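Encoded as structure tokens, the structure appears first; notes follow it.
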Amino acid sequence: YQLKRKVWREFEIFGDQTLEKLAEAIIDSMNWDNDHLHAFWFPERRGKAVFSHWYTPYSIGSEGYDNDQFPELYDSDVLVGSIDYSKNPKLGFAFDFGDDHRFLMEYESFRPADKNDHRDHFPKLIDQRGVGPEQYPPFD
């Protein structure tokens, strides 16, 4: 989580699950209601330079998300395992564009599923640090 120090989450997810499932797990892990749009972003590369992981032209959003001039991909249609993490090991994720909750996601590793991995238990939160901010803090 980019807006509060030392807040992070680590998940395991099946490669054939969607980015939408991952977004739901992230939002749920912060104890927020999933009542706003969200999107994943790929960094923009210009030569050897990499620019931002948020609000680049290369995005995959939730239903209702509109990226105006670029072809729209929705997170419900994109499988986690379809992304080439050797080229894109980090993705940006933003939830609630008004409050602008931003996350920098980093692919860590792959492991084959074993017989004890039940699909209905994934995505699985396997580690976390810190407490995220309140979704709707009281007005002063």
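For the single chain, residues carry numbers from 1 onward in sequence order. All of these numbers come straight from a predicted model, not from anything done at the bench.
- Interatomic distance, Asn34 CG to Gln135 CD, rounded to the nearest 0.5 Å: 8.5 Å.
- Residue Arg111 qualifies as enclosed at atom CZ: its count of foreign heavy atoms under 6.0 Å is above 12.
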- Residues Leu73, Phe40; criterion side chain to side chain contact (heavy atoms under 4.5 Å, CB included); working and verdict: CA-CA 10 Å; Leu73 285 174; Phe40 294 86; over 6 Å; no
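- Taking NE2 from His101 and CH2 from Trp32, the interatomic distance works out to 4.0 Å, rounded to the nearest 0.5 Å.
- Neither Leu3 nor Trp8 shares a network with the other; the hydrophobic side chains, linked directly or stepwise wherever heavy atoms of I, L, V, M, F, W or Y lie under 4.5 Å apart, form separate groups for each.
- Residues Tyr136 and Val131 are members of separate hydrophobic clusters, defined by side-chain heavy-atom contacts under 4.5 angstrom among Ile, Leu, Val, Met, Phe, Trp and Tyr.
- Within the model, atoms NZ of Lys124 and CD of Glu12 stand 5.5 Å from one another, a figure rounded to the nearest 0.5 Å.
- The ring of Phe93 has its center closer than 6.0 angstrom to the ring center of Phe103.
- Atoms CD1 and NE2, on Ile60 and His38 in that order, are 10.5 Å from each other to the nearest 0.5 Å.
- Contact of the Lys21 side chain with the Val80 side chain is not registered, since no non-hydrogen atoms from C-beta on lie closer than 4.5 Å.
- The line from CG of Asn88 to OH of Tyr107 is 13.0 Å long, rounded to the nearest 0.5 Å.
- Heavy atoms only, all atoms of each residue included: Tyr58 and Pro43 are closest at CD1-O, 4.1 Å.
- Closest approach of Ser29 to Leu125, counting heavy atoms only: CB-CD2, 4.3 Å.
- Annotation for Lys90: atom NZ does not count as buried by contact number, only 12 or fewer foreign heavy atoms lying within 6.0 Å.
- Nearest heavy-atom pair across Ser76 and Thr18 is O-CG2, 3.4 Å.
- Nearest heavy atoms, Met105 versus Leu22: CE-CD2, 3.5 Å.
- The two residues Ser59 and Trp41 make their nearest non-hydrogen contact at CB-NE1, 3.2 Å.
- Under the 4.5 Å side-chain contact rule for hydrophobic residues, Leu79 and Phe42 do not share a cluster.
- A salt bridge does not link Arg9 to Asp28: none of the charged nitrogens lies less than 4.0 Å from a carboxylate oxygen.
- Here the closest heavy-atom approach between residue Pro123 and residue Ile13 is recorded as CG-CD1, 3.7 Å.
- The side-chain heavy atoms of Asp75 and Glu24, taken from C-beta on, include no pair separated by under 4.5 Å.
- Here Glu108 contributes atom CD and Phe11 contributes atom CZ; the two are 12.0 Å apart, rounded to the nearest 0.5 Å.
- Relative orientation of the Phe95 and His36 rings is perpendicular, given thresholds of 30° and 60° on the angle between their planes.
- Taking the six-membered ring where the residue is Trp, Phe14 and Phe122 present perpendicular rings, their angle passing 60° and hence far from 30°.
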